[in-house]
Amino acid sequence: MTDSIMSKAATMEIPINSNGDTGTLAEDDSLEQATKLQWSLAEKDLQQVMVSGPNLNETSIVSGGYGGTTEGPAVRYNTGFNRHIPLTGIGPGMHHSSSSSSSSMAGEEATRGVAVEKLESVKKWSLNTYKCTKQMISERFGRGSRTVDLELEAQIEVLRDTKRKYENVLRLARALTTHFYNMVQTQHALGDTFADLSQKSPELRDEFGYNAETQKLLCKNGETLLGAINFFVSSINTLVNKTMEDSLMTIKMFENARLEFDAYRSDLEELGLGPRDAVAIARIEAAQAQYQIHKDKYERLRSDVTIKLKFLEENKVKVMHKQLLLFHNAISAYFAGNQQQLEQTLQQFSIKLKPPGADKPSWLEEQ
């Protein structure tokens, strides 16, 4: 019905004479009615805009030419309401803004979740550190009890003492290698000097020549012995700084687990001495759960330490038996001047010597 009234209003003409005078009274009434109708429709369109938003039709007043004919000039009055103009925030841009805001909200939720997780982790770490520190201080001042495994702790102490002694052997073997290497280099330089003097001193050629050959032979045997000593040092270093160190790392984890276990055990015992109301019972149950977790961890690491100590002892005996035999045979053969036995010792233990100058890059690599 509104559309029919609007179509009638849109085709209604307002005659105006050339002097600007109005026509008859009937024409004035029709003009006034058309104007009132136009403003009422405009108000309805405005209300519809406020309620339904977009898609409001354009409302206009058309005035015809002089005398009411349709051929004359027409004046169109636009009310400014267009049903096809989208309101701000509605349309494709709104969907894009909604997706952007939803993605940003999802990112904020994820960030908040990570922050909460980190906060909980820090909280648990702080609580665990407080309990362990309290337990450690109590043990040192003799007020707290600790779990003791006498047999296992004795084995751990033996391992630490053995590691200290093997580190001393390794230090002395490295010192021997350094000193002997310097001696071999000195013999090599001395042999070259004797050989040069043998060429430049005809009257002492033979004497210088004998000494040059002796120093070269000693230098060759010394390099063979250095190969054996280096192999000995490398094996001891692996045993001390890798195999034993790995076992000591497991022992350290075991000792930390023991401290945590005793801390939560003491906490559970203290709660058991307090009142038995609802809140206390809930705390006791939580402490019991934590106590069981750390007890399982302690027992698992104790088993790991026991197994590692057993295998370490077996490995240590095998390695040291081989290395001590190598060291003895090589040293004895060298100082006995038995070059053949020295070379056989290296072959027995599958030790390959680097050829002279192998450590130096070739001239192609230097370019």
Side-chain angles (χ1 to χ4, degrees), residues 161-246 312 315-367:
D161 184 63
T162 303
K163 185 174 183 291
R164 286 191 294 267
K165 292 177 179 179
Y166 277 40
E167 285 174 343
N168 190 38
V169 171
L170 180 62
R171 180 181 59 83
L172 294 174
R174 283 173 172 169
L176 176 63
T177 304
T178 301
H179 297 322
F180 196 76
Y181 173 79
N182 292 331
M183 187 185 74
V184 170
Q185 293 301 312
T186 303
Q187 288 175 340
H188 189 276
L190 189 59
D192 291 341
T193 303
F194 283 157
D196 182 63
L197 289 174
S198 176
Q199 298 294 329
K200 296 179 180 180
S201 303
E203 66 280 4
L204 297 173
R205 177 178 300 174
D206 294 337
E207 289 79 359
F208 279 124
Y210 296 152
N211 283 277
E213 291 296 330
T214 301
Q215 294 301 320
K216 288 182 179 180
L217 180 60
L218 291 174
C219 182
K220 181 180 178 181
N221 293 340
E223 290 176 351
T224 305
L225 179 60
L226 274 176
I229 297 177
N230 285 330
F231 186 75
F232 175 81
V233 170
S234 176
S235 300
I236 300 299
N237 180 66
T238 302
L239 177 63
V240 172
N241 293 322
K242 291 185 179 181
T243 308
M244 290 185 177
E245 189 64 28
D246 178 70
L312 175 61
N315 186 37
K316 182 192 70 173
V317 172
K318 291 180 181 179
V319 170
M320 293 308 299
H321 175 76
K322 177 181 178 180
Q323 296 304 317
L324 290 173
L325 185 61
L326 165 68
F327 190 81
H328 173 268
N329 292 344
I331 292 290
S332 300
Y334 172 80
F335 284 100
N338 193 340
Q339 181 181 359
Q340 183 178 2
Q341 183 180 356
L342 183 59
E343 293 176 354
Q344 288 178 355
T345 300
L346 268 66
Q347 293 176 1
Q348 178 184 357
F349 294 95
S350 302
I351 302 174
K352 295 182 180 180
L353 298 178
K354 294 181 180 180
D359 295 334
K360 298 181 180 179
S362 64
W363 65 274
L364 289 175
E365 296 175 346
E366 292 178 350
Q367 299 299 321

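Everything numeric here is computed off the predicted structure, so don't read it as measured data. Start at 1 with the first residue, then count along the sequence.
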Euclidean distance, [Y] [atom2] relative to [X] [atom1], rounded to 0.5 Å:
| X | Y | atom1 | atom2 | value |
| --- | --- | --- | --- | --- |
| Gln187 | Cys219 | CD | SG | 6.5 Å |
| Glu213 | Leu218 | CD | CG | 11.5 Å |
| Asp206 | Ser198 | CG | OG | 7.5 Å |
| Leu225 | Phe232 | CG | CZ | 12.0 Å |
| His188 | Thr193 | NE2 | OG1 | 10.5 Å |
| Asn338 | Glu343 | CG | CD | 9.5 Å |

Without swapping roles, check the side chain of [X] against the backbone of [Y] for a donor-acceptor pair under 3.5 Å.
| X | Y | result |
| --- | --- | --- |
| Thr238 | Ser234 | yes |
| Thr177 | Ala173 | yes |
| Asn168 | Arg164 | no |

>> One pair to check against salt bridge (charged side-chain N to carboxylate O under 4.0 Å, His left out): Lys165 and Asp161. What are the steps and the verdict?
In response: CA-CA 6 Å; Lys165 292 177 179 179; Asp161 184 63; 3.2 Å; yes
Hey, are the side chains of [X] and [Y] touching, using non-hydrogen atoms and a 4.5 Å cut-off?
| X | Y | answer |
| --- | --- | --- |
| Phe349 | Gln323 | no |
| Phe327 | Leu176 | yes |
| Val184 | Glu223 | yes |
| Ile236 | Met320 | yes |
| Leu197 | Arg205 | no |
| Met244 | Thr162 | yes |

>> Can you confirm whether more than 12 heavy atoms, excluding those of Lys220, are under 6.0 Å from its NZ atom?
In response: no
>> Looking at Phe208, I want to see if its CZ is surrounded by more than 12 non-hydrogen atoms of other residues, nucleotides or ligands under 6.0 Å.
In response: yes
> Can Leu239 and Lys316 be said to form a side chain to side chain contact (heavy atoms under 4.5 Å, CB included), step by step?
Replying inline: CA-CA 7 Å; Leu239 177 63; Lys316 182 192 70 173; 4.1 Å; yes
> Closest heavy-atom contact between Thr243 and Leu312?
Replying inline: CG2-CD1, 3.4 Å
>> Quick check: closest heavy atoms across Ala228 and Leu346, and the distance to 0.1 Å?
In response: CB-CD1, 3.9 Å
>> Name the residue from Asn230, Thr224, Leu326 that meets the side-chain contact (heavy atoms from CB on, under 4.5 Å) definition with Ile351.
In response: Leu326
> Could Glu167 and Lys163 be called an ion pair, given the rule that one side-chain N must be under 4.0 Å from one carboxylate O?
Replying inline: yes
>> Angle between ring planes, Phe180 versus Tyr334, binned at 30° and 60°: parallel, tilted or perpendicular?
In response: perpendicular
